[in-house]
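To start, the structure itself, in structure tokens.
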Amino acid sequence: MRRRLPRAVALPAAVALLMLTAGPAGAQEIPTTPIPQPGNPTQPPASAPTGPQPLGHAVGDAGTALGVLRLLPNAVTTQTILPGFGQTLPKQSAFEAGMGLSSASANSESYLSYERSVAQASPFGIAVGGQAPQTPGSIVQTALPDNPKETSGGINAPSNPLLNIGLLNGTAHARWSDTLGPCVDTIADASTSVANLSLLNVIPSLPQIPLLGNGGLKLPQDTKLAQGFDPTSGLQSLGGLLTGGGQTAAGGAGSLLSLPNTLSSRSQVRLVDLPGSKNKAVESTSTLQAADIDILKGTPLELSIKVASQPTLKVTSTGDEKTSKVDYTAPVLTIEAAGKTLYTLDAAHPTKDIPIGLPLAGLSDQFGALNNIPVVGGLVSTVTKGIQQVGTTAGTVLDLGVLRLSIAGLEQKGAEATTPFKGYQLGASARLFDLQVLPTKNLKDLLPAGAGDNLPSSLAQLSLGETIARAYAPTGGVVCGSTTPAPPAGGAQPAGPTKNLAYTGAYDTVPLFWAGTAMLLMGVVMVAAFPSRRRLPGMLTLHPAPGTSPEPDEPKPFKPSPRPRE
């Protein structure tokens, strides 16, 4: 006899089965809907449209991410269906996590009607080696059919050791006309907003080793650390600047980057007027609204970034390369510490490197005892004098890494297209703010033997306000109108539906069928209600009256026949 598994094993077994089956699915790319083709080329198509059809052709999409975390960027080869083509494309990150994703897309050439306009707001998304499975909790609206009102909702993202996300809200609105197609007020519109956000309280791509002691960093000969600096935390927490261990304090303290205030994004695709023509142009817009950004919050060396100018990316395609354009409003960021402006990031100065290093004995000789945190950007935290600016770090600071702050420049690309229609397509991308953690040559030399052999060029990358927009319009612009159904042969108007059909013997089939079914059911009921009665043992037997025949179930008495005489 087989023993049954205990009930306590049922839930873990079910979870393990789902994880095993979801693994291969998460590593696959979701293909687009193929257009079914007939088996015989002479056969008609699978379906043919009826009634007036839109004349306009328009393709466009826009997407915005409030924040993106990349571990080991440019470390994984891009996988493609074309052999050898992935070697020519930029490499993917080993791991990517995005939050507050909004996307809007329009495609008049889609085979399925509900794919012609799609608006989506997702709380978060992940990609491993360039493969991005669909995440739950998204707000999606599609058209056709048309949606007079938008869909909105909120979600609390689960806690994790790398990202701490507050309440997320999203809206999605997709429009499309049965007769005019993309010629509506706004084709697709999606937005997301997050109350607060903190990213990266540990650098998982760094080896987890202590800064000092057995198995820790190898300091150069005749080098001593500054008085008061004796951290017990490991390298993954950047010598105590981060909380480490996957724990984030309230308000984002202990994280590399945090946003205490609301951050919102919006992605939109619509048609706009084409100057000098009654046709329309395709416009895709991606915008971001941000306030303050904190770096190393909760430490004496906290940096605050003020967003003085909000970025906006707008791509417009008129179908002609000469008149199509990209409009981008670059952000302006000011970096402050202790109420003083240290750096300004703008189009003229898009990048600033802030080194992180261990304080050596020369700093304690100059400023006295130091607090137990590294030196950031030449700023040292002392016990008695507060924050001090180091004039030169040569011989007094041992660099471990670099925080590279930048506003990502505009990247755009356009090309003539003939499929699925002749026109011009244009795309562009930009980011509000990038924060990269880069190792230095000193760090590779200080690590124990073998620990720095495979150290990547970039340990982690945080991006805020990553935007992308693309537009594709036919030559001459989008035509707003509909086709007229062709009249039948001979010019006669099509007849309406027939009200009365000819009476045939087939009309009697259904009544006869149901009548027979009813009679069969009545027979079954009668048999079930009046079962055959069988005699039970020991029941009283009544003898028949004289002159009457016995009951059929009683045997007749045996009477031998007389023997004939010889």
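Numbers here simply count residues along the sequence, with the first being 1.
Checked by atom type and distance alone, the side chain of Gln53 never pairs as donor or acceptor with a backbone atom of Leu180 at under 3.5 Å. Panel note: side chain Asn279, backbone Gly476; a donor-acceptor pair is recorded below 3.5 Å. Side chain of Ser317 to main chain of Ser324: no donor-acceptor pair is present (N/O by atom type, distance under 3.5 Å, no hydrogens or angles). A distance-only check finds a donor-acceptor pair linking the side chain of Ser108 to the backbone of Ala58 [under 3.5 Å]. A donor-acceptor distance shorter than 3.5 angstrom exists from the side chain of Tyr472 to the backbone of Phe421, with no hydrogens or angles considered. Panel note: side chain Ser110, backbone Leu112; a donor-acceptor pair is recorded below 3.5 Å. Checked by atom type and distance alone, the side chain of Glu109 never pairs as donor or acceptor with a backbone atom of Pro420 at under 3.5 Å. Listed for the Ser277 side chain is no donor-acceptor partner under 3.5 Å among the backbone atoms of Leu274. One N or O on the side chain of Asn147 and one on the backbone of Thr142 form a donor-acceptor pair closer than 3.5 Å. Although no hydrogens or angles enter the test, the distance criterion places no donor-acceptor pair under 3.5 Å between the side chain of Thr64 and the main chain of Ser286.
The shortest distance between side-chain heavy atoms of Leu333 and Phe433 falls below 4.5 Å. In this structure, the side chains of Thr192 and Leu101 stay at 4.5 Å or more apart for every pair of heavy atoms. Taking 4.5 Å as the limit, every side-chain heavy atom of Thr312 sits out of range of all side-chain heavy atoms of Asp327. Put simply, the side chain of Leu313 reaches to within 4.5 Å of the side chain of Leu410, judged on heavy atoms. The closest side-chain heavy-atom distance from Glu115 to Ser113 is not below 4.5 Å. No side-chain heavy atom of Ile356 sits less than 4.5 Å from a side-chain heavy atom of Val402. At a threshold of 4.5 Å between non-hydrogen side-chain atoms, the residues Pro331 and Leu432 count as touching. A heavy-atom distance below 4.5 Å is found between the side chains of Ile295 and Leu405.
For the residue pair Ser264/Gln289, the side-chain donor-acceptor check at 3.5 Å is not satisfied. Side chains of Ser191 and Thr171: a donor on one and an acceptor on the other come within 3.5 Å. A donor-acceptor pair shorter than 3.5 Å can be found between the side chains of Ser122 and Gln120. Thr323 and Thr318 are linked by a side-chain donor-acceptor pair at a separation below 3.5 angstrom, with hydrogens and angles left out of the test.
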I'd like to know whether Ile407 forms a side-chain contact (heavy atoms from CB on, under 4.5 Å) with Thr351, so could you lay out the CA-CA distance, the side-chain angles of the two residues, the decisive distance to 0.1 Å, and finally the verdict.
CA-CA 7 Å; Ile407 52 175; Thr351 304; over 6 Å; no
Set out, in order, the CA-CA distance, both residues' side-chain angles and the distance that settles salt bridge (charged side-chain N to carboxylate O under 4.0 Å, His left out) for Asp185 and Arg270, then state yes or no.
CA-CA 7 Å; Asp185 185 19; Arg270 63 174 186 168; over 6 Å; no
Run Gln425 and Arg470 through side-chain contact (heavy atoms from CB on, under 4.5 Å) and show every step you take.
CA-CA 7 Å; Gln425 53 183 350; Arg470 292 173 291 191; over 6 Å; no
Would you check, one step at a time, whether the test side chain to side chain donor-acceptor pair (under 3.5 Å) holds for Gln141 with Thr151?
CA-CA 7 Å; Gln141 196 174 78; Thr151 299; 2.8 Å; yes
Check the pair Asp292 / Lys306 against side-chain contact (heavy atoms from CB on, under 4.5 Å), numbers first and verdict last.
CA-CA 5 Å; Asp292 297 336; Lys306 305 293 184 181; 3.3 Å; yes
Kindly indicate, with the supporting measurements, whether the criterion side-chain contact (heavy atoms from CB on, under 4.5 Å) is fulfilled by Val282 and Val59.
CA-CA 7 Å; Val282 181; Val59 178; over 6 Å; no
Does the salt bridge (charged side-chain N to carboxylate O under 4.0 Å, His left out) test come out yes or no for Arg404 and Asp434, once each step is laid out?
CA-CA 8 Å; Arg404 176 165 293 176; Asp434 267 355; over 6 Å; no
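Every residue two or more places apart in sequence or in another chain that forms a side-chain hydrogen bond (donor to acceptor under 3.5 Å, both in side chains) with Asp146 is listed here: Arg175. Every side chain to side chain contact (heavy atoms under 4.5 Å, CB included) that Tyr343 has, sequence neighbours left out, goes to Ile335, Lys352, Ile354. The side-chain hydrogen bond (donor to acceptor under 3.5 Å, both in side chains) search around Asn107 returns none, not counting sequence neighbours. Residues forming a side-chain hydrogen bond (donor to acceptor under 3.5 Å, both in side chains) with Ser102 (at least two apart in sequence, or on another chain): Ser265, Ser267.
Across every non-hydrogen atom of Trp176 and Ser117, the tightest pair is CE3-CB, 4.0 Å. Across every non-hydrogen atom of Val269 and Ala62, the tightest pair is CG2-N, 4.0 Å. A pairwise comparison of heavy atoms in Ala188 and Val118 identifies CB-O, 3.7 Å as the closest pair. Between Pro182 and Leu271, the shortest heavy-atom contact is O-CD1, 3.4 Å.
For the atom pair Leu345 CG and Thr334 OG1, the distance stands at 9.0 Å (nearest 0.5 Å). The distance from the CD atom of Glu283 to the NZ atom of Lys314 is 4.5 Å, given to the nearest 0.5 Å. Taking CD1 from Ile187 and NE2 from His173, the interatomic distance works out to 12.5 Å, rounded to the nearest 0.5 Å. Taking CG of Leu257 as the reference point, atom CG of Leu464 lies at 5.0 Å (rounded to 0.5 Å). The structure places OG1 of Thr287 at 8.0 Å from CD of Gln268, a figure rounded to the nearest 0.5 Å. Remark: Leu296 CG to Leu256 CG distance equals 5.5 Å, nearest 0.5 Å.
The 12-atom threshold is not exceeded at CD of Glu411, counting heavy atoms of other residues, nucleotides or ligands nearer than 6.0 Å. For Arg431, the CZ atom sits in a packed shell: over 12 heavy atoms of surrounding residues, nucleotides or ligands are nearer than 6.0 Å.
Legend: salt bridge (charged side-chain N to carboxylate O under 4.0 Å, His left out) pairs involving residues 418-428, not counting sequence neighbours: none detected. For the disulfide (SG to SG under 2.5 Å) condition, the pairs that include at least one residue of residues 172-205, sequence neighbours left out, are Cys183-Cys480.
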